[in-house]
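A short write-up of the structure that comes next.
Predicted model, so just to flag it, every value in this text is computed and none were measured. So you know, we letter chains A, B, ... as the sequences are listed, proteins then strands, and number each from 1.
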Amino acid sequence: MRLLTASTGSYPRIGKTPDLQLLRQTIAQWESGKKTEADLKAAEDALTRAAIAEQVDAGLDLVTDGQIRWYDPISHLAGKLENVSINGLLRFFDTNFYFRQPVVRGPVRWTRAVLRAEYELARAASPKPVKPVLTGAITLARHSIVEYPPYQKDFRQLVLDYNEAVAQEVRELAAAGASVIQIDEPSILQDPSSIRLLEETLQALASSKGAARLALHVYFGDPAPVLERLLASPADIVSLDFTYNPGLVERVAAARPAKALGLGLLDGRNTKLEDPGGVLRALDRILPQTRAEECYLQPSSGLEYLPRDRALEKLKRLVAIRNQVRN
Amino acid sequence: MQKLGLDLPLLPTTSVGSFPKPPSLARARTDYAKGKITAAALQAEEEKATAFWMEAQEQIGLDVLVDGEQYRGDMVVYFAEHMPGFEIGDLVRSYGNRYYHKPILTGEVRWPGPITVAWWKFAQRCTAKPVKGMLTGPYTVMDWSFNEHYPDRKSACLALAREIRKEVEALLEAGAKIIQIDEPATSVRPEELPLVVEAMQVVTEGLPGYFITHICYGAFRRIYPAMLEIPVDNFDLEMANNQLSLLDLFREHRFRKDISFGVVDVHSHVVEDRATVEQRLEQALQVLQPEQVWVDPDCGLKTRSVEEAQEKLRVVVEAARRLREQYANRSAPAR
């Protein structure tokens with residue numbers, strides 16, 4: 001059993017120093033017509049490289065591009081699909097972060113690759129493997145305003161059409177060389193009755209992934225009610241948020257998972273640094289019961305909910321804890 | 001309201017709290033942060049900006065005014081900066097390209113003495129119209145802070161409630177009659193609604209004021225109608241941003257308190273035309289009684305330009321006046 005360290009998704013795109021304020025300033029100037037699209041892309045590239053460098057320097061084995069270009073987890077992909085426009089703000093789960101709601105007015109169709117170029121740039125900038133992150137179809141659908149009558153009558157079809165777009169992105173990312181592709185489906189924890197639909201979407205993604213492995217990540221809720229189904233799903237890696245249910249460690253250990261796990265044992269949403277002893281005890285319970293060859297220790301969620309200095313501290317703590325396991 | 005000595009017209013107009021800072025104040029804040037000007041010089045700019053907005057609200061014709069929060073950066077951070085028990089963290093993103101300094105609870109929280117009272121008095125001296133006392137509620141302060149001190153969310157929230165009540169008492173003692181206690185985080189965890197209710201009870205119980213709470217950008221379907229148990233008189237809700245979809249909920253379960261009904265979207269640069277706003281208000285009045293409706297923007301206007309904010313307030317007032325005339329000529333249906 002190898003225990004690797006991984007990032008979960010987003011990373012702060014701002015910080016204290018002037019170079020880390022570049023993206024915020026450039027977006028403001030771009031919005032007022034003082035900067036070009038090329039300036040904006042250059043600023044996004046610079047902050048992406050900075051996010052990758054911090055993850056690598058912290059010692060992570062698997063990093064992300066920090067989702068620096070993402071306006072939010074929903075509209076970044078949904079807003080680029082045919083027949084989907086972007087509407088007003090809504091709170092993203094129980095955070096105080098807000099996303100723009102997609103409005104679906106016709107059949108959802110993928111027209112162009114959204115993440116491939118972002119992934120290729122990140123991979124070129126990283127000495128460690130980069131894990132691209134996609135928001136899954138159920139979460140996209142649950143956060144959409146549906147004004148297209150066929151979808152109003154048939155939510156499943158909306159999910160499947162969103163999923164076809166996600167599958168196209170998975171194909172592109174796999175073709176570009178991604179070895180692990182993360183699919184975020186936090187909505188399944190609010191809506192466990194859709195578990196069969198989640199399995200169906202993952203099955204379709206599994207047939208699009210080529211040589212890549214799919215990492216399903218669920219967060220912002222307690223996965224215990226659907227744990228066994230998640231562990232039996234067509235994902236190669238199942239990644240869980242342990243911050244909502246103190247009893248989850250025992251549940252996971254008792255399930256004797258055959259799959260690789262993403263262990264979100266460090267709270268991605270609170271600055272308080274975890275006591276290594278508590279995390280090590282959890283790992284001692286879970287890892288011996290897991291029949292996979294490797295698992296990932298990671299934050300419970302993306303880290304852009306933390307200030308940058310605290311996000312970096314969290315990653316360093318994560319790596320330090322893993323190193324204690326290794327020793 | 002009459003018991004409190006307040007005589008407001010039908011469909012009173014107000015605003016949710018914050019207004020944009022004029023460029024001179026924005027510059028002064030930057031200069032102060034860099035150590036180029038003194039705290040007194042910054043305060044002079046804040047007072048100038050507050051006076052500007054008081055006059056603007058009078059000129060536009062709003063009925064219940066606010067101080068515009070020219071002296072605040074963020075609705076939670078401002079209180080955290082003043083209350084022992086907090087540290088101020090570095091920036092985190094709120095949405096899009098907006099960021100704020102998220103506070104960190106690192107010790108026992110404590111009311112340090114009046115925080116907003118001097119500003120409320122300053123604003124009230126500028127007008128004969130009522131000025132709302134403006135506070136952020138304990139649940140939102142708790143939810144929008146990191147917690148490194150209290151064992152759980154409930155104990156952090158109730159500790160904050162006990163201290164915020166002291167600020168409410170200080171505002172009432174200074175003469176404020178209408179106090180708004182913003183709880184925009186209310187809908188984040190529906191299972192915690194009883195905690196929001198309990199905390200607001202701690203803040204308002206037995207106190208002689210007209211209490212408003214502002215809740216926005218949340219999953220109302222999951223907390224309505226139970227949220228009406230929050231012990232306040234008036235719920236200030238964003239309605240325009242969600243295309244008035246909350247009215248469907250009010251049709252299912254009668255909205256039995258007063259409402260400050262948001263009729264303009266504060267996150268759009270586009271200023272709605274009067275016909276659009278009137279139409280929104282007419283739709284509201286198909287479901288709500290005119291006697292229970294106040295009219296305002298969806299949320300604080302601080303993210304708009306000074307001109308956009310004024311135009312949005314103006315269209316709110318114009319639309320409310322038109323409807324007020326229409327409804328004043330009708331006999332009010334029984335509530």
At a 4.5 Å cut-off on heavy atoms, which part of A:L273 comes close to chain B: side chain, backbone, both, or neither?
neither
Crowding at NZ, B:K154 (>12 non-hydrogen neighbours, <6.0 Å)
no
Based on non-hydrogen pairs under 4.5 Å, which of B:R189, B:E192, B:R98, B:K102 is most in contact with chain A?
B:R189
Salt bridge check: are A:D309 and A:K16 linked by an N-O gap of less than 4.0 Å?
yes
Toward chain A, the part of B:L91 with a non-hydrogen atom under 4.5 Å:
both
Among A:T95, A:N87, A:L23, the residue with the most heavy-atom pairs under 4.5 Å to chain B is A:N87
Check this for me, if you would: do A:D241 and A:R269 make a salt bridge, where the nitrogen-to-carboxylate-oxygen distance has to be below 4.0 angstrom?
no
Partner chain A: residue of B:V92, B:N97, B:T140, B:D143 with the largest heavy-atom pair count (under 4.5 Å):
B:N97
Identify the residue among A:Y305, A:F99, A:F220 that makes a ring pair (Phe, Tyr, Trp, His ring centres under 6.0 Å) with A:F93.
A:F220
Does the distance from a Lys or Arg side-chain N to an Asp or Glu carboxylate O, for B:D31 and B:K34, drop under 4.0 Å?
no
